[in-house]
Amino acid sequence: MDISPSGARGGSDRAGALMVWGGLLALVLLAGVSLVVGAGQLGLRGLLADPDTAGLLLTSRLPRTAALILAGMSSAITGLIIQRLVQNRFVDPTTMGTVDSAALGLLLAVIFLPAASPMTRMGIAALFAWGGTGLFLLLLRAVPRRSPLMPPLLGISYGAVIGAAASFIAWQMDLMQSLGAWMSADFSIVLSGRYEMLYLAAGFTALAWVLADRFTLAGLGDSMAKTLGLNPGQVLALGITIVAAVAGCIVVTVGFIPFLGLIVPNLVSRRVGDNLRRALPAVALLGAVMTLACDIAGRLIFHPYELPIGVTMGVLGAVVFLSLLLRSQRA
């Protein structure tokens, strides 16, 4: 169901199509650059003549590029979902305690279940992310929303409390380095056989596509959703489950990418509008493009050394976030 005027809908459709085609082109170009940029040289002649070069491509570069695309798409889409459900453009899994809760769950899994499989650890991280996100939403309902900045400020404070508890436990157990890796993404560790869990995250984001219309209607408010025959509580639970599962997969595999789920949906919504099904393709592509671009920048700035994507995306995300805040204040 689309209640927007036909003229506005046509304009947003054209803008969405342009963003999708532009995003596809940028994705192909950046994926090609990602395959050849790095400490080790990789060229066509080497691929044909040197088995080690082909091994580098198959073992490291292809998995890393695939992981960047999958994590970027999934992170951006989870941000879009949670912004619709909370009805606030300044929240995402990193500003509402979801990632902090997932990291706490993973930390406890490592301490108490050291022999657990990656899938078990992912399940525990997702369970903690689900509980942490649900608790944040309960807190949010109890706080008067006098300003659109109240939810992200509350979420940052809430996440800081959870993060402090996780840091204290990690310090006691000598796991501070591991906790830092889970909280800030680094794709230099990605190798064949160590990133495939991200395909599970992609499956959950595909479920978001199926439920896109429900999330759009839920974003209109409980009263409107009930009028249209929707159960808002059920849709909220489904949305939280998708976000928590994706957060668990990404935290366990590469660490979560800061700000991505916050800035990408905002950039797309300004051109495409609030219809989630219409925005999803552009959000997914822009998320992958920004992830690839920031990772490539991190590899080139101090080549042959590299900066983790958590650093480069954190700088870019902070600048864009401040710009969005200033625009909202002027509006």
**Request:** State yes or no: do W182 and I111 share one hydrophobic cluster built from I, L, V, M, F, W and Y residues joined by side-chain heavy-atom distances below 4.5 Å, directly or via other members?
**Result:** yes

**Message:** So, applying side-chain contact (heavy atoms from CB on, under 4.5 Å) with S75, which one of T94, L262, V264, I257 is it?
**Reply:** I257

**Asked** Under the 3.5 angstrom rule, does the side chain of S60 hit a backbone N or O of L57 as a donor-acceptor pair?
**Response** no

**Request:** Report yes or no: does E306 contribute a side-chain atom to a donor-acceptor pair with the main-chain N or O of P304 at less than 3.5 Å?
**Result:** no

**Request:** Please identify each residue that fulfils ring pair (Phe, Tyr, Trp, His ring centres under 6.0 Å) with F204, with sequence neighbours left out.
**Result:** none

**Complete:** CG of L230 to CZ of R214, rounded to nearest 0.5 Å, is 6.0 Å

**Prompt:** So, D92 versus T95: side-chain donor-acceptor pair below 3.5 Å or not?
**Reply:** yes

**Request:** Work out which heavy atom in G310 is nearest to a heavy atom in S184; give both atom names and the distance.
**Result:** CA-OG, 3.3 Å

**Asked** With the 4.5 Å side-chain cut-off for hydrophobic clustering, are I169 and L113 part of the same group?
**Response** yes

**Prompt:** If you group Ile, Leu, Val, Met, Phe, Trp and Tyr by side-chain heavy-atom gaps below 4.5 Å, do V161 and F136 land in one group?
**Reply:** no

**Message:** Tell me whether N88 contacts the main-chain N or O of P148 through its side chain, where contact means a donor paired with an acceptor under 3.5 Å.
**Reply:** yes

**Message:** If you apply the rule side chain to side chain contact (heavy atoms under 4.5 Å, CB included), what do you find for L27 with L292, and how did you get there?
**Reply:** CA-CA 8 Å; L27 180 63; L292 284 167; 3.5 Å; yes

**Prompt:** Any side-chain heavy atom of I162 sitting closer than 4.5 Å to one from S101?
**Reply:** yes

**Request:** Report the C-alpha separation of I242 and F215 in whole Å, then their side-chain angles, then the decisive distance to 0.1 Å, and conclude whether the side chain to side chain contact (heavy atoms under 4.5 Å, CB included) test is met.
**Result:** CA-CA 12 Å; I242 292 173; F215 294 143; 4.0 Å; yes

**Item:** Within-4.5 Å side-chain heavy-atom neighbours: M290 and L316
**Value:** yes

**Item:** Gap between atom CE of M119 and atom CE of M197 - 0.5 Å precision
**Value:** 4.5 Å

**Fill in**
Apart from M176 itself, its cluster of hydrophobic side chains linked below 4.5 Å comprises W171

**Item:** Straight-line distance of L217 CG to N275 CG, nearest 0.5 Å
**Value:** 9.0 Å

**Item:** Residue pair M183, F256: steps toward the side chain to side chain contact (heavy atoms under 4.5 Å, CB included) verdict
**Value:** CA-CA 6 Å; M183 295 296 294; F256 211 84; over 6 Å; no

**Asked** Roughly how far, to the nearest 0.5 Å, is CD1 of I263 from CZ of R89?
**Response** 14.5 Å

**Asked** Any donor-acceptor pair under 3.5 Å linking the side chain of S269 with the backbone of P265?
**Response** yes

**Message:** Treating R84 as the side-chain partner and A212 as the backbone partner, does any N or O pair qualify as donor plus acceptor under 3.5 Å?
**Reply:** no

**Request:** For salt bridge (charged side-chain N to carboxylate O under 4.0 Å, His left out), just list the numbers for D222 and K226, CA-CA rounded to whole Å, side-chain angles, deciding distance to a tenth of an Å, and then say yes or no.
**Result:** CA-CA 6 Å; D222 289 355; K226 290 178 181 177; 5.7 Å; no

**Request:** For atom CD of Q177, decide whether the heavy atoms of other residues, nucleotides or ligands shown that lie under 6.0 angstrom number more than 12.
**Result:** no

**Asked** I301, V315: one ILVMFWY side-chain cluster at the under-4.5 Å cut-off?
**Response** no

**Message:** Please give me the minimum heavy-atom distance between G287 and T291, naming the atom from each residue.
**Reply:** O-OG1, 2.7 Å

**Asked** Would you say the side chains of S188 and R64 form a donor-acceptor pair under 3.5 Å?
**Response** no

**Message:** For R121, is the CZ atom crowded, meaning more than 12 foreign heavy atoms sit under 6.0 Å from it?
**Reply:** yes

**Prompt:** Is it true that W21 and L25 fall in one hydrophobic cluster, defined by side-chain heavy atoms closer than 4.5 Å?
**Reply:** no

**Heavy-atom side-chain proximity of L107 to M173 below 4.5 angstrom** = no

**Message:** With heavy-atom distances below 4.5 Å as the criterion, would you say the side chains of M73 and V289 are in contact?
**Reply:** no

**Request:** Work out which heavy atom in I77 is nearest to a heavy atom in V283; give both atom names and the distance.
**Result:** N-CG1, 4.0 Å

**Prompt:** At what distance, to the nearest 0.5 angstrom, does OG of S117 lie from CE of M122?
**Reply:** 9.0 Å

**Message:** I'd like to know if the side chain of D186 reaches the main chain of G255, judged simply by a donor and an acceptor atom lying under 3.5 Å from each other, with no hydrogens or angles considered.
**Reply:** no

**Request:** Specify the closest pair of heavy atoms between V20 and A282, including all atoms of both residues, with the distance to one decimal.
**Result:** CG2-N, 4.0 Å

**Message:** Could you measure the distance from the CG atom of L236 to the CG atom of N231? Nearest 0.5 Å is fine.
**Reply:** 10.0 Å

**Asked** Can you name the closest pair of heavy atoms from I240 and G134 and give their distance?
**Response** CD1-CA, 4.5 Å

**Prompt:** After noting the C-alpha distance and the side-chain angles of L106 and I124, does the key distance pass the side chain to side chain contact (heavy atoms under 4.5 Å, CB included) rule?
**Reply:** CA-CA 7 Å; L106 181 55; I124 295 172; over 6 Å; no

**Request:** Check whether any side-chain heavy atom of V320 lies under 4.5 Å from a side-chain heavy atom of F259, and answer yes or no.
**Result:** no

**Modelled atom types, side-chain donor and acceptor of T98 and T133, under 3.5 Å** = yes

**Prompt:** Is a donor on one side and an acceptor on the other found under 3.5 Å between the side chain of T312 and the backbone of C294?
**Reply:** yes

**Request:** State whether the side chain of T216 and the backbone N or O of L276 hold a donor-acceptor pair below 3.5 Å, judged by distance alone.
**Result:** yes

**Message:** Quick check against the 3.5 Å criterion: does Q83 have a side-chain atom that pairs as donor or acceptor with the backbone of G261?
**Reply:** yes

**Item:** Heavy-atom check, side chain of F187 versus side chain of Y195, under 4.5 Å
**Value:** no

**Prompt:** Do I82 and M96 come close enough that some side-chain heavy atom pair is under 4.5 Å?
**Reply:** yes

**Asked** Do L29 and V33 have side-chain heavy atoms sitting under 4.5 Å apart?
**Response** no

**Nearest atoms (heavy-atom pairs only) where S223 meets T227** = O-OG1, 2.8 Å

**Asked** Has the side chain of Y158 got a donor or acceptor atom that lies under 3.5 Å from a matching backbone atom of G132?
**Response** yes

